[in-house]
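A short worksheet on the structure shown next.
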Amino acid sequence: MKVLAINSSARKNGNTAELINAVFEELNKEGIETEQVQLSGKMIEPCKACWACGGKRNCVHNKDMFQEIFEKMVQADGILLGSPVYTANISANMQAFLERASVVTDMNRNDSLLRHKVGAAVTAARRGGALNTLDAMNHFFMLQEMYIVGSSYWPLAYGQMPGDVKKDEEGLETMRRLGQNMAYLLKCLKGRAAL
């Protein structure tokens, strides 16, 4: 089994990456393969509403890394989305990515590209806006008919400068529990699929 994480922070290996890594530690303990894609320094173009993806299972615009990441999502068993809070919401790169992914899946609804996969979201916040950010990512999962994993609290941690989230012990414990719950659900679903 494999979980793909998409980190939309502008800071490579910043607070959002720390949170993803905390989740990954638990998944790796359970023998689940993980991969983190960081969008730092890259630009994801917004959807052009051309509808050319219908019947193609991919976006026809390939000037960025959207298609490469989307293919990894389709192949993964679980998807972990991570975004810092930017103006009380997800980052612009995450917004553009999720919009395009939603249109591709919607235009190819009969192909069940992401249906019944496991999804989880994490966010790093300086102060406020974390719940809006988590909601935006979780709404993507719901629209894809995915299973959303919860934790012992909202999967967020506080920090402004890189590394600050390491001081938020409750936030890190929430990430660890999220990883444990994600591993549990992935294994349950794999066992059920084998029946």
Side-chain angles (χ1 to χ4, degrees), residues 2-30 32 34-42 44 69 72-73 76-99 101-102 114 117-186:
K2 181 172 183 176
V3 171
L4 173 72
I6 301 170
N7 176 355
S8 70
S9 176
R11 291 181 173 150
K12 189 168 186 177
N13 299 319
N15 287 321
T16 305
E18 292 288 347
L19 301 182
I20 289 169
N21 289 334
V23 175
F24 276 5
E25 283 180 32
E26 299 303 319
L27 292 169
N28 294 153
K29 285 178 189 175
E30 296 296 323
I32 297 169
T34 54
E35 178 184 358
Q36 181 175 178
V37 174
Q38 298 194 53
L39 301 182
S40 173
K42 308 204 172 36
I44 301 294
I69 301 168
K72 289 181 180 189
M73 286 177 78
D77 301 290
I79 300 165
L80 178 61
L81 297 178
S83 177
V85 175
Y86 288 170
T87 318
N89 208 337
I90 55 178
S91 70
N93 257 348
M94 181 64 80
Q95 182 68 36
F97 183 86
L98 295 183
E99 284 176 359
S102 289
L114 301 178
K117 292 184 184 293
V118 174
V122 301
T123 187
R126 184 188 68 80
R127 186 68 57 215
L131 294 184
N132 292 344
T133 302
L134 290 170
D135 282 347
M137 293 183 282
N138 284 330
H139 285 145
F140 170 78
F141 296 138
M142 288 190 291
L143 287 171
Q144 309 316 314
E145 302 177 67
M146 293 174 61
Y147 302 114
I148 302 172
V149 178
S151 188
S152 53
Y153 194 69
W154 304 113
L156 63 95
Y158 292 104
Q160 181 175 8
M161 299 309 292
D164 281 355
V165 294
K166 292 180 183 177
K167 301 172 195 167
D168 184 352
E169 188 50 46
E170 182 182 4
L172 291 176
E173 178 57 32
T174 303
M175 298 304 142
R176 288 189 283 270
R177 183 65 58 92
L178 183 69
Q180 293 163 7
N181 292 344
M182 193 171 201
Y184 175 83
L185 182 55
L186 283 163

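The basis for the numbers below is simple: all heavy atoms, side chains too, and nothing from hydrogens, waters or symmetry mates. Everything numeric in this text was worked out from a predicted model, so none of it was measured.
- At least one donor-acceptor pair under 3.5 Å links the side chain of Lys117 to the backbone N or O of Ala76.
- The shortest heavy-atom contact between Leu178 and Gly150 is CD1-O, 3.6 Å.
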Margin query: Using side chain to side chain contact (heavy atoms under 4.5 Å, CB included), reason through Ile20 and Thr16 one step at a time and then give a plain yes or no.
Written below: CA-CA 6 Å; Ile20 289 169; Thr16 305; 4.2 Å; yes

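- At least one side-chain heavy atom of Ile6 sits less than 4.5 Å from a side-chain heavy atom of Leu39.
- The nearest pair of heavy atoms linking Phe24 to Glu35 is CZ-O, 3.5 Å.
- Between the side chains of Thr34 and Asn28, at least one donor-acceptor pair of N or O atoms lies under 3.5 Å.
- Each ring-ring contact (aromatic ring centres under 6.0 Å, His included) pair with one or both residues in residues 120-142, not counting sequence neighbours, would appear here, but there are none.
- Partners of Gln38 under the side-chain hydrogen bond (donor to acceptor under 3.5 Å, both in side chains) rule, at least two apart in sequence or in another chain, are Asn13.
- Pairs engaging residues 78-96 under the side chain to side chain donor-acceptor pair (under 3.5 Å) rule: Ser8-Ser83, Ser8-Ser91, Gln95-Glu99 [sequence neighbours left out].
- Side-chain contact check for Val23 versus Val3: every heavy-atom pair is 4.5 Å or farther apart.
- Taking 4.5 Å as the limit, some side-chain heavy atom of Leu98 sits within range of a side-chain heavy atom of Leu81.
- Rounding to the nearest 0.5 Å gives a distance of 8.0 Å between CD1 of Ile32 and CE of Met182.
- In this structure, CD in Glu170 is found 10.0 Å from CE in Met175, a value given to the nearest 0.5 Å.
- Taking CG from Asp77 and CG from Leu27, the interatomic distance works out to 11.0 Å, rounded to the nearest 0.5 Å.
- Atom CD1 in Ile90 sits 10.0 Å away from atom OG1 in Thr123 (nearest 0.5 Å).
- Side-chain contact between Arg126 and Val85 is absent, with no heavy atoms from C-beta onward closer than 4.5 Å.
- Residues Ala121 and Leu80 come closest through the heavy atom pair N-CD1, 4.2 Å.
- To the nearest 0.5 angstrom, Leu143 atom CG is 11.0 Å from Asn138 atom CG.
- For Ile44 against Ala96, the heavy-atom pair with the smallest separation is O-CB, 3.4 Å.
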Which donor-acceptor pairs under 3.5 Å do side chains of residues 154-166 form with protein atoms, sequence neighbours excluded?
residue : atom : partner : partner atom : Å
Asp164  : OD2  : Gln160  : N            : 3.1
Asp164  : OD2  : Met161  : N            : 2.8

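- Residues Ser102 and Gln144 have side chains in contact (heavy-atom distance under 4.5 Å, counting atoms from C-beta outward).
- Residues passing the side-chain contact (heavy atoms from CB on, under 4.5 Å) test with Tyr147 are His116, Leu185, Leu189, sequence neighbours excluded.
- Met137 approaches Gly82 most closely through the heavy-atom pair SD-N, 4.1 Å.
- Remark: Ser152 pairs with Thr174, Arg177 by the side-chain contact (heavy atoms from CB on, under 4.5 Å) rule, at least two apart or across chains.
- More than 12 non-hydrogen atoms from other residues, nucleotides or ligands lie less than 6.0 angstrom from NZ of Lys2.
- Nearest heavy atom pair, residue Ala125 against residue Gly128, reads CB-O, 4.3 Å.
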